[in-house]
**Q** 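Before I ask anything, let me first share the structure, which is written out below as structure tokens.
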Amino acid sequence: MANRVVNSVLGQGTRMWSPVSRAVRAMSSGAGSGASPSHTYETLRVSQPRESVIHVELHRPEKRNAMNQAFWREMVVCFDRIAEDSDCRAVVVSGAGKIFTAGIDLMDMAGDVLQPVGDDSARRAWNLQRKIREYQDTFSVIERCSKPVLVAVHGACVGGGVDLISACDIRFCSQDAWFQIKEVDIGLAADVGTLQRLPKVIGSRSLVSELAYTARKLMSDEAKSCGLVSRVFPDKDSMMEGVLDMASEISSKSPVAVQGTKINLLYSRDHSVREGLEYIATWNMSMLQTEDIMKSAQAALEKKSPKEVLYSKL
């Protein structure tokens with residue numbers, strides 16, 4: 001799926017992402033240069049607003065960033081590429097236009113989900129399961145990417161949007177943001193990550209069950225109090241500045257330390273304390289040999305900021 005070329009079904013202009021070593025340097029406004037024909041996206045706009053920081057913007061503003069078939073494929077292509085980009089040390093995800101995302105584009109996706117191919121019920125079920133797993137991979141690829149992924153939510157974050165942000169490492173939102181697990185209202189159980197990840201993000205199975213069973217809106221203040229987001233900003237502009245500042249701060253650290261931390265946090269989430277300790281011991285028996293430790297120690301002795309240390313690419 002990740003290697004297929006995606007053709008626009010809406011006639012929307014394509015957006016360029018430069019090769020791994022030359023990301024497009026553009027702010028979220030779209031101003032930039034250095035576009036490369038090696039990769040094109042119809043539903044995403046990718047830029048490099050800060051050194052070592054990649055910005056992935058959901059970019060179907062005229063459709064409220066609804067997730068069509070092209071989006072589900074392009075996210076995998078995009079994050080697989082980011083994972084291999086040694087110049088990238090942090091990723092920011094946001095949405096263009098008035099809201100973050102309206103969730104699944106039902107008009108575009110209906111045929112895929114409601115009319116699976118196959119000669120009988122068993123074959124249709126087999127093919128539908130394969131399709132669901134492909135959709136699950138759209139957000140699992142965010143977890144597989146060893147670079148920290150920060151997401152900035154404004155306005156509505158509905159359905160698939162909750163699946164997306166649940167797979168991210170750090171979540172910010174603006175005061176006008178709200179979140180909704182919408183799937184029960186359209187007759188199905190959420191199947192691409194919310195029901196699996198959100199209980200571990202929020203920590204309250206009672207609240208997750210309430211949100212999933214009722215499809216009620218979770219407003220920004222409650223999202224902060226329950227731990228879904230770590231910070232609420234007055235508006236989108238201040239939020240984007242804040243999230244980019246944090247991404248820059250993260251990208252200034254040793255990539256060995258930061259990416260190793262993400263990998264071990266995710267491992268420990270899904271394993272016992274004992275297993276997590278054994279895993280980090282095995283991990284660090286090689287990673288503690290990095291020169292980054294000596295560089296960091298030298299900087300501390302010289303009373304330098306970690307941002308002044310030049311770490312090698314990873």
Side-chain angles (χ1 to χ4, degrees), residues 17-34 45-57 78-79 81-94 142-154 165 168-174 224 229-266 268 280 283-284 286-314:
W17 184 24
S18 58
V20 167
S21 60
R22 293 184 293 121
V24 177
R25 298 182 179 274
M27 292 300 288
S28 58
S29 63
S33 60
R45 181 164 60 178
V46 180
S47 58
Q48 185 179 332
R50 305 278 182 90
E51 184 177 0
S52 301
V53 175
I54 293 293
H55 180 198
V56 178
E57 186 179 41
C78 179
F79 273 89
R81 194 69 175 275
I82 287 173
E84 297 299 320
D85 185 353
S86 60
D87 289 324
C88 174
R89 295 185 182 181
V91 185
V92 170
V93 177
S94 71
I142 295 173
E143 284 188 341
R144 288 203 306 270
C145 177
S146 61
K147 288 73 184 288
V149 180
L150 297 73
V151 63
V153 178
H154 74 288
I165 69 169
C168 296
D169 300 294
I170 301 173
R171 288 165 292 278
F172 289 165
C173 76
S174 57
K224 172 67 164 58
V229 300
S230 55
R231 197 176 303 178
V232 179
F233 290 83
D235 51 47
K236 183 181 180 182
D237 289 342
S238 61
M239 175 181 63
M240 291 307 302
E241 187 68 21
V243 73
L244 289 171
D245 285 346
M246 181 172 286
S248 294
E249 178 74 16
I250 292 170
S251 67
S252 72
K253 314 291 185 184
S254 159
V256 172
V258 171
Q259 293 180 44
T261 296
K262 173 171 179 173
I263 290 167
N264 278 275
L265 280 172
L266 289 170
S268 293
I280 190 64
W283 181 273
N284 267 355
S286 57
M287 293 302 167
L288 286 178
Q289 300 179 57
T290 177
E291 294 181 358
D292 292 6
I293 295 176
M294 293 303 298
K295 290 180 179 180
S296 300
Q298 184 65 32
L301 289 173
E302 296 175 359
K303 301 187 184 305
K304 291 182 178 180
S305 165
K307 294 182 179 181
E308 299 179 68
V309 182
L310 182 61
Y311 297 108
S312 299
K313 296 178 182 179
L314 182 61

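Everything quoted here is computed from the prediction, not taken from an experiment.
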**Q** Kindly write out the residues that satisfy side chain to side chain donor-acceptor pair (under 3.5 Å) with Asp235, not counting sequence neighbours, or none if the list is empty.
**A** Ser238
**Q** With Glu308, which residues qualify under salt bridge (Lys or Arg N to Asp or Glu O under 4.0 Å), at least two apart?
**A** none
**Q** With a 4.5 Å heavy-atom cut-off, do Met246 and Ile170 have their side chains touching?
**A**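 A side-chain contact exists here, since the closest heavy-atom pair is under 4.5 Å.
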**Q** Which pair of heavy atoms, one from Asp87 and one from Lys313, lies closest together, and at what distance?
**A**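 Heavy atoms only, the tightest pair is OD1-NZ, 2.7 Å.
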**Q** Would Val153 and Ile165 count as a side-chain contact (heavy atoms from CB on, under 4.5 Å) here? Give the steps.
**A** CA-CA 9 Å; Val153 178; Ile165 69 169; 3.9 Å; yes
**Q** Would you check if the side chain of Lys295 reaches a backbone N or O of Leu310 as a donor-acceptor pair within less than 3.5 Å?
**A**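 Looks like yes, one N/O pair under 3.5 Å.
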**Q** Would you please name every residue forming a side-chain contact (heavy atoms from CB on, under 4.5 Å) with Val256, sequence neighbours left out?
**A**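 Applying side-chain contact (heavy atoms from CB on, under 4.5 Å) to Val256 gives Ser254, Met287, Thr290, Asp292, Leu314.
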**Q** Between Ser94 and His55, which heavy-atom pair has the shortest distance, and what is it?
**A**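 So the two residues come closest at OG-NE2, 2.7 Å.
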**Q** Give the minimum heavy-atom separation between Ser252 and Tyr311, together with the two atoms involved.
**A** O-CE1, 3.5 Å
**Q** Residues in side-chain contact (heavy atoms from CB on, under 4.5 Å) with Glu302, at least two apart?
**A** Gln298, Lys304
**Q** Taking ring-ring contact (aromatic ring centres under 6.0 Å, His included) as the definition, give me every residue that meets it alongside Phe233, ordered by chain and number, with sequence neighbours left out.
**A**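 Expected list: Phe172.
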**Q** Going by the rule salt bridge (Lys or Arg N to Asp or Glu O under 4.0 Å), which residues pair with Lys303 if we only count those two or more places apart in sequence or in a different chain?
**A** none
**Q** Out of curiosity, Cys145 SG to Glu84 CD, how far, rounded to the nearest 0.5 Å?
**A** 9.5 Å
**Q** Once rounded to the nearest 0.5 Å, what's the spacing between atom CD1 of Ile280 and atom CG of Leu265?
**A** 9.0 Å
**Q** If you look at every heavy atom in Val232 and Lys224, which pair is closest and at what distance?
**A** CG2-CB, 3.7 Å
**Q** Would Asn264 and Asn284 count as a side-chain contact (heavy atoms from CB on, under 4.5 Å) if you check the C-alpha gap in whole Å, the side-chain angles of each, and the deciding distance to 0.1 Å?
**A** CA-CA 10 Å; Asn264 278 275; Asn284 267 355; over 6 Å; no
**Q** Checking the side chain of Asp169 only, and the main-chain atoms of Val149 only, is there a donor and an acceptor separated by less than 3.5 Å?
**A**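 Yes, the answer is positive, given that a donor and an acceptor are paired below the 3.5 Å cut-off.
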**Q** I'd like to check the side chain to side chain donor-acceptor pair (under 3.5 Å) partners of Ser312; sequence neighbours left out, ordered by chain and number.
**A** none
**Q** Could I get the full list of side chain to side chain donor-acceptor pair (under 3.5 Å) partners for Ser146, not counting sequence neighbours?
**A** Gln259
**Q** Which atom pair, heavy atoms only, marks the closest approach of Lys236 to Ser174?
**A** N-CB, 4.1 Å
**Q** The criterion is side chain to side chain donor-acceptor pair (under 3.5 Å); which residues satisfy it with Asp245, sequence neighbours excluded?
**A** Arg50
**Q** Mind checking whether Val151 and Ile142 have side chains closer than 4.5 Å, heavy atoms only?
**A**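 Of all side-chain heavy-atom pairs linking Ile142 with Val151, none is under 4.5 Å.
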**Q** Looking at NZ of Lys147 and CG of Asp85, how far apart are the two atoms once the value is rounded to the nearest 0.5 Å?
**A** 5.5 Å
**Q** Which one of Ser251, Ser248, Cys88 satisfies the side chain to side chain contact (heavy atoms under 4.5 Å, CB included) criterion with Ser52?
**A**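 Filter result, single survivor: Ser251.
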**Q** Mind checking what makes side-chain contact (heavy atoms from CB on, under 4.5 Å) contact with Glu249, not counting sequence neighbours?
**A**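 Checked Glu249 against side-chain contact (heavy atoms from CB on, under 4.5 Å); matches are Lys253, Lys307.
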**Q** Quick one: do Leu150 and Ile250 satisfy side-chain contact (heavy atoms from CB on, under 4.5 Å)? Show the steps, please.
**A** CA-CA 10 Å; Leu150 297 73; Ile250 292 170; 4.0 Å; yes
**Q** Of all residues at least two apart in sequence or in a different chain, which pass the side-chain contact (heavy atoms from CB on, under 4.5 Å) check with Leu266?
**A**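 Residues passing side-chain contact (heavy atoms from CB on, under 4.5 Å) with Leu266: Glu143, Lys262, Arg269.
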